[in-house]
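A quick write-up on the structure given underneath.
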Amino acid sequence: MIRIIEILSVRVRDAIKAATGLDADPLLRISADSRFGDYQANGIMAIAKQAKSNPRALAGQVVEKLDVADLCETPEIAGPGFINFRLKPDFLAIRLMEVKSDSVRLGISPTQNHTKVVVDFSGPNIAKQMHVGHLRSTIIGDAICRLLEFEGYDVIPQNHIGDWGLQIGMVVHAMMASTLETKTWAGASGALLSIEEVHNRIEKSPITLIELEKMYKRLSEQEKTDENLAEAVRNSVRHLQLKEPVFLAFWENARKITLKTCFELYDYLGGIFKLDDIRGESFYADRLAPVVQELKDKGIAVESDGAVCVFAPGFVSKEGNPLPLIVQKSDGAFLYATTDLAALKFRVQELGAKKIIYVTDARQELHFKMVFAVARMAGWVPEDVSLEHVTFGSVLGEDGKPFKTRSGENVKLRDLLDEAVSRAKRVVEEKNPELPEEKKNDIAAAVGIGAVKYADYSNNRTSDYVFSFDRMLAMEGNTAPYMQYAYARVKSIERKALEKGINASEELALITNITLTEPTEIELAKTLCRYDEAIYSAAYDLRPNYLTAYLYDLAGKFSAFYTQCPVLTAGPESRPSRLLLCDLTAKNIAHGLSNLLGIKVVEQM
RNA sequence: GCGUCCGUAGCUCAGCUGGAUAGAGCAACGGAUUUCUAAUCCGUAGGUCAGGGGUUCGAAUCCCUUCGGACGCGCCA
């Protein structure tokens, strides 16, 4: 099914060509104001200007050559030279029949043919609980994956976790210090114990991520003042980097503990990531030295103050000097820039990515600009491969400052989601106390988690937003509960139909033609027909809020229809059509919310 | 100092590559419920789109500038 706006665009372009001989973009847009119809062509004024003719007269000539009678009423010329289009109910009916015939994709064809796209997002660190800072990357990245997948791309999610480097060495050191007795561990290599015994010890003293995090923080505090300890830690870092089995055993354990907790959250959030998608810094550890070597060999990287740097053109520091991307510190250690370069190279050369999308906050913009520039200089990224940094703003507290707990700590993602769910539970208790406990819990989870995600998606990605449980859990306005409620109401009609002995699915199956007469029916039908346009713009600009805006619009149109048009008590001339409008609305909301945004819908709430 | 993003109704936010009289929700006010979930719907009121200049037939949108805010800028990630 071709998007309506695309059909009109092509028709008007052809008409312009026929009328003027010019090939110009007719600038077709959805009308901002329904008084001007459903779509409008804005391009005539510019073309008239170019052809030095009167825009209204030109619009008349174009309309003369234009044949859109199969989908629109006669186009109207308005204002300085707009052409307005109003869709015919008959055409809407035909489109809806096409949507009806495809319950999987709702009649929407993929626009892409398996182009490989890598999406890098989430990126938590070993030995640390995920906090609000990970929320946006994680869920925006997930929505982008879902959108692009639906558009037909071959999407490869990548979770670039922080599982290597100095801090991980400290984590391992902390674990060893707490698990092994000092004397068995005196050499800091664990050589006094067999590897079997080490595994045995690890198994016998299981620790949680929270304990691990505390352990790490304590060590990192002590290390600042205790030079002996600092030296021991440095030793451990070296041993780990040499991949000595005992150290590796603890490292693996830390990684396992962290990932287990991360995946609990990912699952809680709606099945984000598979285990295969985890490819963290440790994966690139052996590729860092060759990357730096290659940059040196190519004459791109040079030594400066003992560090290995790349001075990409166009980057200037505070003092106005060339700004380096440091790929190796003066002590020989590699940095995140090095890892990012190695990962980038891997993704292009070994994963075969044609596009790489990085979903991180806006503060890393300069870093990625430089990494991209250096990768291009090194020739690792061919012309036809695009690199995109998808940025987002910060999550703020009610005071307008970065969202923190009262004690100034980062809010743990787990706590935040639990809070949302328990608040949702209270509302369900209040509104629908007679539901079985299990059902109430399911609803609370769907609404609570959904509310947090939806609030994020419905905001413009690039701006900061103020986090508020009260607003995101409100039943009115552009929120998850409102959307989910709209869905539950449609489903309720289906249930009521069964109770009344109305065979809705049979009536739907027998429909050959849809009758649209009431204004709210037509409005709802039009909105249903625009779903593909909403998905397209959301996927094109990687902005989920275009999709939520559409869904909110749809739910609003449905609610208006719902109050205006009885379904089950309607006569035989309109009931099947109304049942179909309900059915398609439910499928559309479920698809948008669940398939594309990973937000659960519930039959009752 | 340089760079990036931002400033839209009392509050929280939309506004898609420039398009017609700038839109939602909350809060305020007025209506609608014997009927499919009122967790809803319909309506009223509310804006010098931070200020100024420019480009354009047309600017919240593009350019310049002032003010205000957030963030970034050599060995953390």
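This is a predicted model, so every value here is computed, not measured.
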(message) Below the 4.0 Å mark, does B:A14 have OP1 or OP2 next to a side-chain nitrogen or oxygen of A:Tyr457?
(response)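 Answer is no, no contact under 4.0 Å.
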
(message) Taking only side-chain N and O atoms of A:Ser463, does any of them lie within less than 4.0 angstrom of OP1 or OP2 on B:A14?
(response) yes

(request) Would you list the pairs meeting ring pair (Phe, Tyr, Trp, His ring centres under 6.0 Å) in which at least one residue belongs to residues 477-504 of chain A, sequence neighbours left out? (result) A:Tyr482-A:Tyr552

(message) Just to verify, what does A:Phe36 make a ring pair (Phe, Tyr, Trp, His ring centres under 6.0 Å) with, not counting sequence neighbours?
(response) none

(message) Under the rule for ring pair (Phe, Tyr, Trp, His ring centres under 6.0 Å), what residues qualify as partners of A:Phe311, not counting sequence neighbours?
(response)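 Checked A:Phe311 against ring pair (Phe, Tyr, Trp, His ring centres under 6.0 Å); zero matches.
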
Partners passing side chain to side chain contact (heavy atoms under 4.5 Å, CB included) against [X] (at least two apart in sequence or in another chain):
X	result
A:Ser577	A:Ile514, A:Thr515
A:Ala230	A:Glu223, A:Glu227, A:Arg234
A:Arg461	A:Ile140, A:Val390, A:Thr391, A:Phe392, A:Leu542, A:Arg543

(request) Would you mind reporting whether A:Leu288 and A:Val292 have side-chain heavy atoms less than 4.5 Å apart? (result)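 Heavy-atom side-chain distance check fails, nothing below 4.5 Å.
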
(request) Would you mind building the protein contact string for nucleotides 72-77 of chain B? One character per nucleotide, 5' to 3', B for base within reach (heavy atoms under 4.0 Å), S for sugar-phosphate only, - for untouched. (result) SBBBSB

(request) Give the B/S/- string for nucleotides 27-36 of chain B, one per nucleotide from 5' to 3', where a protein heavy atom under 4.0 Å of the base yields B, of only the sugar-phosphate yields S, and otherwise -. (result) ---------B

(message) Please report the distance, rounded to the nearest Å, between CD1 in A:Ile83 and P in B:A20.
(response)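 Spelled out: CD1 on A:Ile83 to P on B:A20 is 16 Å.
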
(request) Report the distance from atom CG of A:Asp464 to atom P of B:G69, rounded to the nearest whole Å. (result) 15 Å

(message) Within residues 529-545 of chain A, which residues have any heavy atom lying less than 4.0 Å from an atom of RNA chain B?
(response) A:Asp541, A:Asn545

Just the atom pairs and distances: protein N or O near nucleotides 43-51 of chain B's N or O, under 3.5 Å.
none

(message) With rounding to the closest Å, how many angstrom separate the P atoms on B:C41 and B:A22?
(response) 24 Å

(message) Between the base of B:A20 and the side chain of A:Asn84, is there a donor and acceptor pair under 3.5 angstrom?
(response) yes

(request) Starting at CD of A:Glu151, measure out to CG of A:Asp532 and round the result to the nearest 0.5 Å. (result)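 With rounding to 0.5 Å, CD (A:Glu151) is 9.5 Å from CG (A:Asp532).
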
Residues 314-323 of chain A side chain polar contacts: donor-acceptor under 3.5 Å, at least two apart:
unit_1, atom_1, unit_2, atom_2, d
A:Ser317, OG, A:Glu319, N, 3.4
A:Ser317, OG, A:Glu319, OE1, 3.3
A:Ser317, OG, A:Asn321, N, 3.4
A:Ser317, OG, A:Asn321, O, 3.3

(message) As a test of your reading of the structure, name each stem of RNA chain B as range with range, where a stem is three or more consecutive Watson-Crick or G-U pairs at under 3.5 Å.
(response) B:1-7 with B:67-73, B:10-13 with B:23-26, B:28-32 with B:40-44, B:50-54 with B:62-66

(message) Check this for me: does any side-chain nitrogen of one of A:Arg530 and A:Asp38 sit under 4.0 Å from a carboxylate oxygen of the other?
(response) no

